[in-house]
Amino acid sequence: MNILHIDCSSRPESQSRQLSAAIVNKLLEIVPGARITRRDFADSPLPHASADYAIALSTPATLAAPPRGSLELSEVLIQEVEAADVIVIGTPMNNLTVPSVLKAWIDQILRAGRTFKSTPAGKVGMLQDRPVFIGIASGGVFTGDRANQPDFLTPYLSVVLDCVGLKTLQFLSVQATAFLDRDQATLARDEALATIDFTVMQEVRCS
């Protein structure tokens, strides 16, 4: 099994990093021999879309004959997704949505004619579905009775990943991190991990 493990937080000991690492460790308990491909967007941030990349995506004609080298990074990142049986993403909620480093990755893997096709009904994903576990850390509260801020992160990721064919998503969150001490944060992380549905791994283990 191949795991693509992505982290987005700029803080080395962030709650989202600890949560994503814990998810990976749970997966390794199920498949001890799994291989891990690591993408740390704080340590090695992706560039935002270049002019050549934007030009390549602008029309069907430029996609058919893109500027030299303009799609190389996109292709590397898409192939990492294709090679992964499972994807684990650790991300903070920044200003109610995804951090810009994660958006930069999304902008590279959503590519017309490669990961999705446009139809009269909208975008249709071209990649094979696989489990995606998304660990979120938020300084505030965005779900439940105590929610005090909107959530533009989970609906956005649900839609945008569906556009490329990734539909089997599980969101795990540690909220109100600004107000948690270490023990409370550990308890919140354990509670989040307890919600994982590992039955989605059955098909991966059998493949």
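What you see is a predicted model; the values in this text were computed from it and never measured.
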Open item on the list: What I'd like to find out is whether the side chain of Val132 reaches to under 4.5 Å of the side chain of Thr168, using heavy atoms alone.
Closed with: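 A side-chain contact is absent here, since even the closest heavy-atom pair is not under 4.5 Å.
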Task: Among Leu172, Thr154, Ile89, the one residue meeting side-chain contact (heavy atoms from CB on, under 4.5 Å) with Ile136 - done: Thr154
Task: The single option from Leu157, Val160, Leu161, Thr115 passing side-chain contact (heavy atoms from CB on, under 4.5 Å) against Leu166 - done: Leu161
Specify the closest pair of heavy atoms between [X] and [Y], including all atoms of both residues, with the distance to one decimal.
| X | Y | value |
| --- | --- | --- |
| Ala42 | Arg17 | CB-NH2, 3.3 Å |
| Arg130 | Val81 | NH1-O, 2.8 Å |
| Asp129 | Lys167 | OD1-N, 2.8 Å |
| Phe142 | Ala147 | C-CB, 3.7 Å |
| Gln15 | Ala185 | NE2-CB, 3.4 Å |
| Val174 | Ala188 | CG1-CB, 3.8 Å |

TODO: Is it possible for you to say whether Leu127 and Leu57 belong to one hydrophobic cluster, with membership spreading through side-chain heavy-atom contacts below 4.5 Å?
DONE: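 No; tracing contacts between hydrophobic side chains, which count when under 4.5 Å, never links both residues.
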How many angstroms lie between [atom1] in [X] and [atom2] in [Y], if you round to the nearest 0.5 Å?
| X | Y | atom1 | atom2 | result |
| --- | --- | --- | --- | --- |
| Arg114 | Leu63 | CZ | CG | 12.0 Å |
| Met201 | Ile196 | CE | CD1 | 10.0 Å |
| Phe133 | Phe198 | CZ | CZ | 5.5 Å |
| Ile3 | Ile36 | CD1 | CD1 | 5.0 Å |
| Leu193 | Asn25 | CG | CG | 9.5 Å |
| Ile78 | Met126 | CD1 | CE | 10.0 Å |

TODO: Taking only Lys NZ, Arg NE, NH1 and NH2, and the carboxylate oxygens of Asp or Glu, determine whether Arg38 and Asp7 approach each other closer than 4.0 Å.
DONE: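 Yes, charged N to carboxylate O under 4.0 Å.
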- [ ] Verify whether one side chain among Ser20 and His5 offers a donor that lies under 3.5 Å from an acceptor in the other.
- [x] yes
Open item on the list: So for atom CD, which belongs to Glu72, do other residues, nucleotides or ligands contribute more than 12 heavy atoms lying within a distance under 6.0 Å?
Closed with: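 Counting other residues, nucleotides and ligands, CD of Glu72 stays at 12 neighbours or fewer.
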